[in-house]
Amino acid sequence: MNDSPAVPLIVYSATRDPVEALNSLLRRSGMAAHCTWIPAVQDLADAIEQFSPELLICCPSAADELPALAAVRDQMLSTLPLIAVREHVDEQQIAQDIAQGARDTVSLQQPGRLQAVLTRELRSFRLERTLTSTLRSAQARRTQLEVVLQRSNDAIAQIQEGILVDANASWLELFGYMDAAAMIGQPLMDFFEEVTHASLKAALTACLQGRWSNHALKTSAILGDGSVVQLELVLALGEYEGEPSVRLIVPAQKRNERQLAQELESAVQSDPGTGLPTRRRLLTLLQQRLEQPIAGGVRYLACIRPDRFPDIERELGIFASEQFLIAFANIVRSLLGPHDIAGHLGGTRLMALLERGNPRDVEAWSENLVQSVGKNLFQVNSHSLHATCTVGLGVVPPGKPDLNAVAKDALEALRRGQGQGGNQMTALAGADNETRVKAYDQVWVKHIKAALMENRFRLVQQPIASLAGGKEMMFDVAIRMLDVQGKEVLPSEFMPAAERNGLLRNIDRWVIGASLSFVANRKPDLVFVRLSRDSAVDGSLLQWLELQLKSTSAEPGSVCLQLTEDVASRHPQQTQQMVAGLHARGLRFALEHFGSGRDSQRLIATLPMDFIKIDGSLMQGIAGSPERQQQVRVIAEAAAQAGIKTVAEHVEDANTMAVLWQLGVQYIQGYLVHAPEEVVLRT
């Protein structure tokens, strides 16, 4: 190592004295080293990013410093060797430090052993880094070969440091350029609309770091003639002139006769300007979808209309106003989720079927649409104008809904919203009168009690994925009920009646018991289990939990009980007591739907949490919303400072995932990761 460049070291200690002593000792031993001193654990993350250390040395002065430093190391660069330096070293101390995350423990009083340990760990770190790089390079080469062999007709561009450095003929043709010089050397973002910049930049960075899986990224590309087209990009790690690059690929469309026939049929029944289904096709699609039960969450019909269109038509003229409607419809289409259906209802009205996790997510999507239209500057020929829109919402009830009744609610909500001046979202649910609710509850209470007695409930699990590339087996569990014929009943059908009639506590305990059995049998790393308000204020829950833990032999640290932010805010004293009891028994705690309240930051400072689940409403349109990105960034940064891990709820597309990764969110859950599936326990 004497002939090698100086080894970058980070030394953690309360004062500079150990750093200078260590630096002097290493020089006398002939080891070239560049020591960076940090006096506080919270400085480590920035130091790792800035200096790319090869060794981390800790001179602890308190018992909790070494494990705290190891936790930050594991999050930032888990392979970085951590060496403890103490005044006196014995076998017991070495074993204790290794258990807390160190590779070894040394003393300044034994320079020979200190140098041997540092040399060993440095060599190990460099070998592992080289092996990882080699494997990544081999994988990249393999990917490149597959791309060349299987997608020779694809449109392909090479990107380095945000600049388009190479493009094949198919890419040039796709974007409408005859000469490569018009694109080569230009910033990639110049060829895409600003609304997709955030997700595209994040995906490029993630791909370069080997953290981008085979997800298609939705973008709005600007062609050579100024028109905009929707593209789905595949990203792959590549190499250009000996330097790493990102390959952007637009796969060539492979058509067969059946696909061509379907496309022709769809084209005939779609508006030629917007590509959205016409009225008859839309109603058929809506009816077909509503005949299929939703796997989870809620459904709403949204009726959408630009405000004061007669004024716009008078200003622009008949033909130009049609171009405005096309641009308006394209904004709506760009915000739709992967499971949504939208089309023309007639005149200037659009209708969309929205499937989301909960009503807040639907309202957030609608508000985001209203804001997006309001901020957009519509360019129509030589005219520039601002416009607003109104969204009317009608809730789709569970079971077998009547499309006519729901559409009537959505249209009435739209009428009311525009009557109040427009530029807003208005919700209208079909109001159940008290007699109907009581009759509804009478039926469901009997079914729920019978299902509890006959054990006709089932767990469903939804995986939670790490954005840092971790392989943890983490799941969110929810409940389904089976009717007497064995058909699945969704929570949206029976949980409201259970809540109104005091049955949530019993259902919670069934879910907790089943989840503990799942943990004991399957050994997952972590399972999230929801608690209702009734359980949060139930003083007997902790004792019952303790008995359940003993009877199932489940690992407490693998169970994380979660409350909504709203319940925790309304019942602060009971929540504090419950969390203290959970932690005392080795269980973990999380808040879900976080960020939906008025004082979320206070909870981070006052409530000891292991996880925060960021509310799904903040995910609606986040890829194109700097405001929502800033909201999530603030939550992620505050949580990181408090040592709390973050999970984003209801993530449904790769664009959202890319932005969350760049904002520092650590985990995601939603249909992009996996749909819920039944938990089958081993007997």
Side-chain angles (χ1 to χ4, degrees), residues 296-298 356-365 367-368 462 464 474 476-478 491-492 495-496 499 504-505 508 511-512 526-538 541 559-583 587-620 622 627-651 656 660 663-670:
V298 296
R356 296 293 185 274
N358 54 51
R360 285 194 312 279
D361 294 352
V362 177
E363 293 171 2
W365 181 91
E367 291 166 354
N368 183 42
Q462 186 175 52
I464 295 174
M474 298 171 59
D476 193 291
V477 298
S492 57
M495 289 296 269
E499 183 175 7
L504 287 184
R505 177 177 171 274
D508 282 354
V511 174
I512 294 170
L526 193 62
V527 168
F528 289 87
V529 184
R530 286 173 182 79
L531 292 180
S532 66
R533 185 205 69 86
D534 294 0
S535 292
V537 299
D538 179 8
L541 175 67
V559 179
C560 184
L561 298 181
Q562 59 188 23
L563 279 180
T564 65
E565 178 187 339
D566 180 63
V567 170
S569 298
R570 290 175 182 272
H571 305 278
Q573 185 175 353
Q574 293 97 323
T575 302
Q576 287 278 4
Q577 292 172 351
M578 184 189 72
V579 174
L582 294 177
H583 283 158
L587 295 128
R588 302 201 221 180
F589 177 73
L591 279 186
E592 63 174 339
H593 305 331
F594 191 86
S596 59
R598 296 188 217 174
D599 201 10
S600 301
Q601 296 296 321
R602 181 187 61 81
L603 289 172
I604 292 180
T606 59
L607 190 62
M609 295 176 282
D610 301 283
F611 289 86
I612 282 172
K613 288 192 168 184
I614 304 173
D615 192 56
S617 64
L618 294 176
M619 304 303 117
Q620 305 304 311
I622 189 174
E627 294 84 1
R628 279 195 168 84
Q629 291 169 24
Q630 180 60 20
Q631 284 179 276
V632 172
R633 181 183 287 109
V634 168
I635 292 173
E637 290 176 353
Q641 289 176 1
I644 302 169
K645 296 180 180 179
T646 48
V647 184
E649 302 174 337
H650 306 157
V651 177
T656 300
L660 293 171
L663 294 177
V665 175
Q666 294 153 296
Y667 300 92
I668 60 173
Q669 68 180 94

> Roughly how far apart are I622 CD1 and L660 CG, rounded to 0.5 Å?
Replying inline: 5.0 Å

> Tell me, do M578 and H571 make a side-chain contact under 4.5 Å, heavy atoms counted?
Replying inline: no

> Are the ring centres of F611 and F528 closer than 6.0 Å?
Replying inline: yes

> Do you know which two heavy atoms are closest between P496 and P491, and how far apart they sit?
Replying inline: CD-O, 3.7 Å

> Which heavy atom of G595 sits nearest a heavy atom of I635, and at what distance?
Replying inline: CA-CD1, 4.0 Å

>> What I'd like to find out is whether the side chain of L582 reaches to under 4.5 Å of the side chain of L561, using heavy atoms alone.
In response: yes

> Rounded to the nearest 0.5 Å, how far does OG1 of T575 lie from CZ of R570?
Replying inline: 12.0 Å

> To the nearest 0.5 Å, what is the distance between CE (M619) and CD1 (I668)?
Replying inline: 10.0 Å

> Would you call L663 and E637 a side-chain contact if the rule is heavy atoms closer than 4.5 Å?
Replying inline: no

>> So, taking the atom named CD in Q669 and the one named CE in M474, what distance separates them when rounded to the nearest 0.5 Å?
In response: 9.0 Å

> Do any N or O atoms from the side chain of E649 and from the backbone of G616 form a donor-acceptor pair under 3.5 angstrom?
Replying inline: yes

> Knowing that exactly one of E565, K645, E592 qualifies, which makes a side-chain contact (heavy atoms from CB on, under 4.5 Å) with K613?
Replying inline: E592

>> Heavy-atom count check: over 12 atoms from other residues, nucleotides or ligands less than 6.0 Å from Q576 CD?
In response: yes

> Nearest heavy-atom pair of I604 and A639: which atoms, and what distance?
Replying inline: CD1-N, 4.2 Å

>> Can a side-chain donor-acceptor contact be found between R628 and Q631 if the only test is distance below 3.5 angstrom?
In response: no

>> When you compare the side chain of L607 with that of V579, does any pair of heavy atoms fall below 4.5 Å?
In response: yes

>> Can you tell me how far apart CG (L603) and OG1 (T606) are? Round to the nearest 0.5 Å.
In response: 5.0 Å

>> Restricting to non-hydrogen atoms, name the atom on V298 and the atom on P359 that form the minimum distance, rounded to 0.1 Å.
In response: CG2-N, 3.8 Å

> Would you call H583 and P608 a side-chain contact if the rule is heavy atoms closer than 4.5 Å?
Replying inline: yes

> Are a donor atom and an acceptor atom from the side chains of S532 and D534 found within less than 3.5 Å of each other?
Replying inline: no

>> Looking at every non-hydrogen atom in both residues, tell me the closest pair between V632 and V665 and how far apart they are.
In response: CG1-CG2, 3.8 Å

>> Nearest 0.5 Å, please: how far is CG in D610 from CZ in R588?
In response: 6.0 Å

>> Quick one, V537 and V567 - any side-chain contact, counting heavy atoms below 4.5 Å?
In response: no

>> When you measure from the side chain of D615 to the backbone of F594, do you find a donor-acceptor pair of N or O atoms at a distance under 3.5 Å?
In response: no

>> Looking only at side-chain N and O atoms, does H593 offer a donor or acceptor that is under 3.5 Å from a partner on R360?
In response: yes

> Between L531 and I512, is any pair of side-chain heavy atoms under 4.5 Å apart?
Replying inline: yes

> Taking it one step at a time, do D476 and R530 satisfy salt bridge (Lys or Arg N to Asp or Glu O under 4.0 Å)?
Replying inline: CA-CA 9 Å; D476 193 291; R530 286 173 182 79; 2.5 Å; yes

>> Quick check against the 3.5 Å criterion: does Q666 have a side-chain atom that pairs as donor or acceptor with the backbone of T646?
In response: yes

>> Give me the atom names and distance for the closest heavy-atom approach of S617 to A364.
In response: O-CB, 3.3 Å

> Hey, mind stepping through E367 and Q620 against side chain to side chain contact (heavy atoms under 4.5 Å, CB included) and telling me if it holds?
Replying inline: CA-CA 9 Å; E367 291 166 354; Q620 305 304 311; over 6 Å; no

>> Side chains of Q630 and R633, heavy atoms from C-beta outward: is any pair under 4.5 Å?
In response: yes

